[in-house]
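These notes concern the structure reproduced below.
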Amino acid sequence: MKNQKIALTAASLAAAMMLVACGGGGGGSSGGSAGQPVAPSVPASQGNLQTTVPNATYTGASTQASLFATLNTYRSSMGVGQLAQDTILDTAAQAHALYLNTNFANGSISVVTHNEVSGNTNYYEATPLSRARKAGAPSTEWISENAAVGLAQTSSAAFASDCLGQYLNTVYHLQGVTEVLETIGVGFAQDTAQGTYSCVLDFGQKTGVSGTPSDNGYLTSAGQQMATTAIAHVPLANETGVARAMVAELPNPAPDVASPGRPIMVRVTAADAGDVLTVSSFTLTSAGGIVVPARIIVPSAALTGSSGATADLNNAMAAGVAFLLPLAPLAANTTYSVSFSGARKGTPTSTAWSFTTGS
C-alpha cells in the first residue's frame with residue numbers, strides 16, 4: 001500500500017493545472033484519486049446509496065457550501081449517492097487547505113501534497129488519516145483526500161466549479177470523487193495577494209469497514225454501493241459545457257499521449273472479491289458519425305476478458321471502473337455519443353448516452 005499525494009505544480013498555475021497523485025494499486029489526491037482503493041475482503045450490502053443527506057451547516061454563500069452542494073448534485077445525477085457533511089472532517093480539511101495555501105504562497109512547498117511538514121507554517125498533522133484523527137475521527141474510520149490549488153475566481157460558485165473541474169476532468173481523481181465514500185469535509189483558503197486558492201475534500205467511510213485503515217485509503221467493499229445491476233458514467237447523460245481536454249495528472253495514465261481529451265468513465269459496483277468490469281466495446285462518436293480515436297484503459301485484473309483494452313499503467317484504478325481516453329482534445333460545442341458494452345462479473349451490462357462540449 002502506497003500513500004497517495006495530489007498536487008499542482010507552481011508552474012502549472014500559470015498554465016494548465018496539473019494534479020499529482022503518487023502511488024497506485026489495489027482496486028481505488030487527491031484520494032487513488034480520492035485515496036488508495038483496497039481490494040475487497042468482505043462483501044458489502046448492495047444498493048445502499050444515500051439518496052438524501054442532512055442539510056449542511058456551511059455558511060450559505062461560502063465556497064464550502066457551494067462545493068458540498070455541487071459535488072452532491074453531480075454524484076446524485078450520476079447515481080453513486082450523496083455525501084453527508086462531517087464536521088470533524090471539515091476541521092481536518094480546513095486545516096490542510098490553510099497549510100497548502102500558506103506554504104504554497106511562501107515557497108515552502110512547490111507542489112500541493114497530502115503530507116504536511118512539521119516545521120512549515122500552519123502545520124496541523126502529517127497525513128489525511130492523522131489529521132482526521134486529531135480532529136476527532138474514530139480509529140476504525142477510513143479516510144481519503146482530494147486537494148488542489150487554483151487561480152482566483154469571481155465567486156464562491158466559480159471557485160467550487162474550478163476546484164471540482166480539476167477532478168472531474170481526469171482519470172484517477174475523477175474516480176476518487178465518485179467512489180463508494182459516505183461523508184465529506186470541505187476546506188477552502190484563498191490568498192488574495194497571490195491570486196490563488198486551495199481546496200481540500202476529506203472523505204470518510206464507516207459502513208461495512210474492516211481491518212486497519214491505511215493512510216489516504218478506502219475499501220471498495222464498504223461504504224455506499226450501487227445495485228449490482230446499475231451502471232454509472234461520466235460525463236452525465238445530456239451534460240453540456242463538458243471540458244474538451246484532460247487536466248494533467250501524475251502518475252500519467254497515458255504518458256505517450258501528448259494532449260489527451262476529456263476522459264470518459266463507466267462504473268459498476270465491485271464490492272465482492274473477484275468483481276471486475278470487462279469491456280467488449282467502448283466508443284466515442286462525433287456528431288458526424290466519426291469514431292474518435294481513443295484508448296480503453298482498465299485495471300489489470302479486467303484485461304483478460306476485455307477487447308482492445310490497455311491495462312492501467314499505474315495500478316490505481318478500482319475493479320469496477322473503465323475509462324475511454326480520447327487521444328486528442330475534443331472539438332468545441334460538439335455533441336458526442338458514447339456506447340459501452342461489457343460484463344460485470346460475467347453478467348452483460350451496457351449503456352449509451354450523449355454529451356456536448358463547451359467552448
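Index from 1, following the sequence. Please read all numbers here as calculations on a predicted model, not as lab measurements.
With hydrogens and angles left out, the side-chain atoms of Thr70 and Thr73 include no donor and acceptor closer than 3.5 Å. Neither side chain, Thr240 nor Thr356, offers a donor N or O lying under 3.5 Å from an acceptor on the other. In this model, no donor atom of one side chain and acceptor atom of the other lie less than 3.5 Å apart for Glu116 and Tyr124. Using modelled atom types and a 3.5 Å distance limit, the side chains of Thr196 and Asp191 yield no donor-acceptor pair. Side chains of Glu182 and Thr207: a donor on one and an acceptor on the other come within 3.5 Å.
Looking only at distances, no side-chain donor or acceptor of Thr59 sits under 3.5 Å from a matching main-chain atom of Ser62. Between the side chain of Ser198 and the backbone N or O of Ala97 there is at least one donor-acceptor pair closer than 3.5 Å. Under a 3.5 Å cut-off, the side chain of Trp353 and the backbone N or O of Pro235 do form a donor-acceptor pair. Without hydrogens or angle criteria, Ser306 side chain to Ala309 main chain gives no donor-acceptor distance under 3.5 Å. Between the side chain of Thr102 and the backbone N or O of Leu98 there is at least one donor-acceptor pair closer than 3.5 Å. Gln85 contributes no side-chain N or O that, together with a main-chain N or O of Asp90, makes up a donor-acceptor pair within less than 3.5 Å. Distance alone, capped at 3.5 Å, is enough to place a donor-acceptor pair between the Thr357 side chain and the Thr334 backbone. Looking only at distances, a side-chain donor or acceptor of Asn103 sits under 3.5 Å from a matching main-chain atom of Thr121. For Gln224 (side chain) and Gln82 (main-chain N/O), a donor-acceptor pair under 3.5 Å exists by modelled atom type.
For the side-chain contact (heavy atoms from CB on, under 4.5 Å) criterion with Val257, the lone passing option out of Pro253, Pro255, Pro260 is Pro260. With Asn169 as reference, Arg262 is the one residue of Glu249, Arg244, Arg262 to meet the side chain to side chain donor-acceptor pair (under 3.5 Å) rule.
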Val266 vs Val321, side chain to side chain contact (heavy atoms under 4.5 Å, CB included): CA-CA, chis, key distance, verdict: CA-CA 6 Å; Val266 167; Val321 172; over 6 Å; no
Test side chain to side chain contact (heavy atoms under 4.5 Å, CB included) applied to Asn72 and Val53, step by step: CA-CA 9 Å; Asn72 267 338; Val53 293; 4.0 Å; yes
Derivation and outcome, side chain to side chain donor-acceptor pair (under 3.5 Å), residues Thr127 and Asn115: CA-CA 5 Å; Thr127 69; Asn115 297 329; 5.7 Å; no
Candidate pair Gln94 and Gln64, rule side chain to side chain contact (heavy atoms under 4.5 Å, CB included), full reasoning: CA-CA 10 Å; Gln94 186 60 38; Gln64 287 91 331; 3.2 Å; yes
Evaluation steps, side chain to side chain contact (heavy atoms under 4.5 Å, CB included), between Leu236 and Met78: CA-CA 6 Å; Leu236 306 176; Met78 183 183 169; 3.7 Å; yes
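A heavy-atom distance below 4.5 Å is found between the side chains of Tyr167 and Leu201. Here the side chains of Lys345 and Thr228 are not in contact, with every heavy-atom distance at 4.5 Å or above. Using a 4.5 Å heavy-atom cutoff, the side chains of Thr183 and Leu89 are in contact. Taking 4.5 Å as the limit, every side-chain heavy atom of Thr170 sits out of range of all side-chain heavy atoms of Pro263. Put simply, the side chain of Tyr99 reaches to within 4.5 Å of the side chain of Asn120, judged on heavy atoms. Leu83 has its side chain within reach of Leu71: a pair of non-hydrogen atoms, C-beta onward, lies under 4.5 Å apart. Side-chain contact check for Thr178 versus His233: every heavy-atom pair is 4.5 Å or farther apart. Contact check for Ile264 versus Phe323: no side-chain heavy atoms found under the 4.5 Å cut-off.
Transitive grouping of hydrophobic side chains (ILVMFWY, heavy atoms separated by less than 4.5 Å) keeps Phe340 and Met317 in distinct clusters. Side-chain heavy atoms closer than 4.5 Å link hydrophobic residues (I, L, V, M, F, W, Y) into clusters, and following such links, even through other members, never connects Met265 to Val279. Under a hydrophobic-cluster definition in which Ile, Leu, Val, Met, Phe, Trp and Tyr are linked whenever side-chain heavy atoms come within less than 4.5 Å, directly or via other members, Phe104 and Tyr123 are assigned to different clusters. Linking Ile, Leu, Val, Met, Phe, Trp and Tyr whenever their side-chain heavy atoms come within less than 4.5 Å leaves Phe188 and Ile88 in two separate clusters. By the criterion of side-chain heavy atoms lying less than 4.5 angstrom apart, applied directly or through intervening Ile, Leu, Val, Met, Phe, Trp or Tyr residues, Ile296 is not grouped with Val171; the two fall into different hydrophobic clusters.
Minimum heavy-atom separation, Ala230 to Val268: O-CG1, 3.7 Å. Considering all non-hydrogen atoms of both residues, Leu181 and Ser144 come closest at CD1-OG, 3.7 Å. Taking each heavy atom of Ala322 and Val298 in turn, the nearest pair found is CB-CG1, 4.1 Å. Of all heavy-atom pairs between His96 and Thr113, the closest is NE2-O, 2.7 Å. Taking all atoms of both residues into account, the shortest heavy-atom contact from Thr283 to Leu324 is C-CD2, 3.8 Å. Summarising the geometry of Asn48 relative to Gly223, their closest heavy-atom pair is ND2-O, 3.1 Å, with the distance given to 0.1 Å.
From Ile231, atom CD1 reaches atom OG of Ser341 across 9.5 Å, with rounding to the nearest 0.5 Å. Here the CZ-OG distance, from Phe355 to Ser337, works out to 8.5 Å after rounding to the nearest 0.5 Å. Rounded to the nearest 0.5 angstrom, Ile297 CD1 and Arg295 CZ are separated by 6.5 Å. One distance of note links CZ of Arg344 with CG of Leu277; it measures 9.0 Å at 0.5 Å rounding. Rounding to the nearest 0.5 Å places CG of Leu174 at 6.0 Å from CG of Leu168. In this structure, the separation between SG on Cys163 and CG on Asn146 is 8.0 Å, given to the nearest 0.5 Å.
Residues Tyr197 and Phe159 bring their aromatic ring centres within 6.0 Å.
Taking 4.0 Å as the cut-off between side-chain N and carboxylate O, Arg133 and Glu141 do not count as a salt-bridged pair. Salt bridge annotation for Asp215-Arg131: absent, with no cationic side-chain nitrogen under 4.0 angstrom from a carboxylate oxygen.
Within 6.0 Å of CG in Asn55 there are 12 or fewer heavy atoms belonging to other residues, nucleotides or ligands.
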